Amino acid sequence: MTSSGDPVVFVLFGATGDLAKRMVLPAFFTLAQQKLLPENYLLIGDSRSDRTDDDFRDHVKDVLTEFGPHPDEGPWDDFSSRLRFAGGGFTPDDPGQLVDVVNKAREELGGSDGAANVQLIHYLALPPSAFIETTQALGAHDLAKGTRVVYEKPFGTSPQGFKDLDKAVHQVLDEEQVYRIDHFLGKEATQNLHVVRFANRLIHSVWSAEHVASVQIDAPETLDIDDRAKFYDATGALLDMVVTHLFQVAAEVAMDPPASMAAADLQAAREEVIGCFRPLDPAEVVLGQYDGYTDVEGIEKDSTTDTFVAARLWVDNDRWRGVPFLLRTGKRMAESTQRVSLILKDPSDGPLADATPTMGDVLNFTLKGNGSVDIELIVKKPGAGTELVPTDASIVLADIPDGDPLPPYVRLIHDVLEGDRSLFTRPDGLAHTWEVIEPVLDDRPPVKPYEQGSWGPAEAAALAEPGRWLLGQ
Ligand SMILES: NC(=O)C1=CN([C@@H]2O[C@H](COP(=O)(O)OP(=O)(O)OC[C@H]3O[C@@H](n4cnc5c(N)ncnc54)[C@H](OP(=O)(O)O)[C@@H]3O)[C@@H](O)[C@H]2O)C=CC1
Ligand SMILES: O=C1O[C@H](COP(=O)(O)O)[C@@H](O)[C@H](O)[C@H]1O
């Protein structure tokens, strides 16, 4: 429910699109199942096409049948009775049916007192090219005041595109109304990056350059791009994953302790450290493209789009100076995982300095799925000898008694309903992320081929030296 318990009218732009189908509508139904929606709410799907409320209900039922939770698991009847549809598009010149449908929904929920206490939330599950016009239309048709507006990623597709969008958004909305999604921030294990760190002295005390040799943020994927070839070919791995998700996760790791865990402080700590990210040196970036990429339907035959990126990022502040943050992601790689690893320094002196295996003291956060926290330690191999061996222990978050992990979209939409912006991004940090990758956009390294099912181009190994990538070795 909203923190105020007010009724909510939720407008889903792009309601018939791919993201709505895979993520947003399933997340909404999950919230309904878990009784995490307000008592009084309506969900309006908006589209450029025309259909009836019942057509939209059929569409949502099909979507849930395919992507889950299955409507038979309930509460489908109640949920479907709250679905409405507004067709005819939504532009500054023409609101289509949306204004009428919203007004009716407000009246329905606001009762005889009218609509004053109804919280309006807009979710732009639209291509980024439609963000500015839709935002201007919200202003033009008086649907902006007092609302919350959720923007899908990417918030801008180039340094100038980011500035234009940011300007257009702030001409219509106050920053407090804006929720920019980066779903990696909504993952259970990402949230544990700050919780495990600040709640445990053992961990907190080593979280700096004094003890950490390097940080690896590794997100290889076996996935290909067949079902979104056109989008992917125009985007590439650097923009799809690095400037967005991997930078935000790097900020979660690198941030200084926030003044408190309140939303504004947490958000401020994360965004401020992004300001300390040094612009990438193209010599410290390896781009790759998997063999056979240009044979995929919809991909230009001479495409040089990167399907792989490995980069060495430096954080220029007292806490992290000299510690490489190694970022890696790619499509059609050997494995699918998302892992953050803090590799502690090997003992340089002391009685076991020479006997200790290297890179064996590691704290891992696996972000994929429900997530886990894993600790790798050096122990004595049991037995008569004195050999030291690396070993590990894993805390699987879903196994924590009475824990009920929320998928990221469920968690983030719930936060929007609550008015909690702590896991959403801020424009100052985003502006700097573009400055950080600008040298690579201006002086793009050559794109190296790599075999499907591999760990990317061989050149990426050098970036991790004198250490090594933990995954794939
Ligand atoms: N798909 C995914 O898995 C992911 C998507 N995202 C982000 O989510 C957003 C939506 O993605 P996705 O659903 O894949 O995109 P789609 O291309 O499927 O577009 C969504 C819907 O937007 C409407 N639309 C398309 N073009 C315009 C336009 N120019 N003006 C107004 N409406 C338009 C269409 O609905 P209609 O024709 O009915 O009006 C379309 O079905 C994007 O910003 C994307 O980057 C983020 C992470 C993952
Ligand atoms: O936003 C994106 O994220 C997915 C990976 O995230 P996951 O949590 O859904 O596994 C990535 O495959 C996609 O290319 C990117 O657009």
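Numbers here are sequence positions counted from 1. Indexing begins at 1, ligand by ligand and atom by atom, following the structure's order. Not measured: the values here are computed from a predicted model.
- Regarding atom 1 (N) of ligand 1, its nearest protein heavy-atom neighbour is D18 OD2, 2.8 Å.
- Near A130, meaning under 4.0 Å from any of its heavy atoms, are these atoms of ligand 1: 28 (C), 30 (N), 31 (C).
- Aromatic rings from F308 and Y450 are positioned such that their centres are separated by under 6.0 Å.
- Using a 4.5 Å heavy-atom cutoff, the side chains of L326 and W469 are in contact.
- Considering both main-chain and side-chain atoms, T16 comes within under 3.5 Å of ligand 1 through a nitrogen or oxygen pair.
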Report each N/O pair between ligand 2 and the protein that falls under 3.5 Å, naming both atoms.
{"unit_1": "ligand 2", "atom_1": "1 (O)", "unit_2": "K153", "atom_2": "NZ", "d": "2.8"}
{"unit_1": "ligand 2", "atom_1": "1 (O)", "unit_2": "H245", "atom_2": "NE2", "d": "2.8"}
{"unit_1": "ligand 2", "atom_1": "6 (O)", "unit_2": "H183", "atom_2": "NE2", "d": "3.2"}
{"unit_1": "ligand 2", "atom_1": "8 (O)", "unit_2": "H183", "atom_2": "NE2", "d": "3.0"}
{"unit_1": "ligand 2", "atom_1": "8 (O)", "unit_2": "K187", "atom_2": "NZ", "d": "2.6"}
{"unit_1": "ligand 2", "atom_1": "10 (O)", "unit_2": "Q338", "atom_2": "NE2", "d": "3.2"}
{"unit_1": "ligand 2", "atom_1": "10 (O)", "unit_2": "K368", "atom_2": "NZ", "d": "3.1"}
{"unit_1": "ligand 2", "atom_1": "12 (O)", "unit_2": "E221", "atom_2": "OE1", "d": "3.4"}
{"unit_1": "ligand 2", "atom_1": "12 (O)", "unit_2": "E221", "atom_2": "OE2", "d": "2.6"}
{"unit_1": "ligand 2", "atom_1": "12 (O)", "unit_2": "K331", "atom_2": "NZ", "d": "3.0"}
{"unit_1": "ligand 2", "atom_1": "14 (O)", "unit_2": "R228", "atom_2": "NH1", "d": "2.9"}
{"unit_1": "ligand 2", "atom_1": "14 (O)", "unit_2": "D240", "atom_2": "OD2", "d": "2.6"}
{"unit_1": "ligand 2", "atom_1": "14 (O)", "unit_2": "K331", "atom_2": "NZ", "d": "2.7"}
{"unit_1": "ligand 2", "atom_1": "16 (O)", "unit_2": "K153", "atom_2": "NZ", "d": "2.9"}
{"unit_1": "ligand 2", "atom_1": "16 (O)", "unit_2": "R228", "atom_2": "NH2", "d": "3.0"}
{"unit_1": "ligand 2", "atom_1": "16 (O)", "unit_2": "D240", "atom_2": "OD1", "d": "2.6"}
{"unit_1": "ligand 2", "atom_1": "16 (O)", "unit_2": "D240", "atom_2": "OD2", "d": "3.3"}

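- At the shortest separation from atom 40 (C) of ligand 1 among protein heavy atoms lies G17 CA, 4.1 Å.
- Those atoms of ligand 1 with a heavy atom of G14 less than 4.0 angstrom away are 21 (C), 22 (O).
- Relative orientation of the Y179 and F424 rings is perpendicular, given thresholds of 30° and 60° on the angle between their planes.
- In this structure, the ring of F131 has its center less than 6.0 angstrom from the ring center of Y151.
- Taking only nitrogen or oxygen atoms, main chain and side chain alike, S129 does not reach within less than 3.5 Å of ligand 1.
- Within a 4.0 Å radius of atom 13 (O) of ligand 1, the protein contributes at least one heavy atom.
- The shortest separation from a heavy atom of P154 to ligand 1 is under 4.0 Å, placing the residue in contact.
- With ring centers used as reference points, W320 lies under 6.0 Å from F325.
- Ring geometry, H245 versus H183: the interplanar angle exceeds 60°, so the pair is classed perpendicular (tilted spans 30 to 60°).
- At under 3.5 Å, a nitrogen or oxygen of S47, whether backbone or side chain, sits near a nitrogen or oxygen of ligand 1.
- With T366 contributing its side chain and R339 its backbone, the two residues share no donor-acceptor pair below 3.5 Å.
- Checking K153, E133, E152 against atom 45 (O) of ligand 1, the nearest heavy atom belongs to K153.
- Residue-ligand proximity, A125 to ligand 1, at heavy-atom distances under 4.0 Å covers atoms 10 (C), 20 (C).
- Ring centroid separation for the pair F28 and F10 comes in under the 6.0 Å cut-off.
- Using a distance-only test at 3.5 Å, with no hydrogens or angles considered, no donor-acceptor pair links the side chain of H414 to the main chain of V410.
- Using bins of under 30°, 30° to 60° and over 60° for the plane-to-plane angle, the ring pair Y232/Y293 lands in the perpendicular bin.
- With ring centers used as reference points, F85 lies 6.0 Å or more from H59.
- At least one heavy atom of P127 sits under 4.0 Å from some atom of ligand 1.
- At the shortest separation from atom 37 (O) of ligand 1 among protein heavy atoms lies R48 NH2, 3.0 Å.
- Looking at heavy atoms from C-beta onward, Q216 lies out of side-chain contact with P324 at the 4.5 angstrom threshold.
- For ligand 1, the polar-atom distance check against L126 finds a nitrogen or oxygen pair separated by under 3.5 Å.
- What you find for K187 and P408 is that their closest heavy atoms are CG-CG, 3.8 Å.
- Scanning the protein heavy atoms around atom 11 (O) of ligand 1, the nearest turns out to be L19 CB, 3.9 Å.
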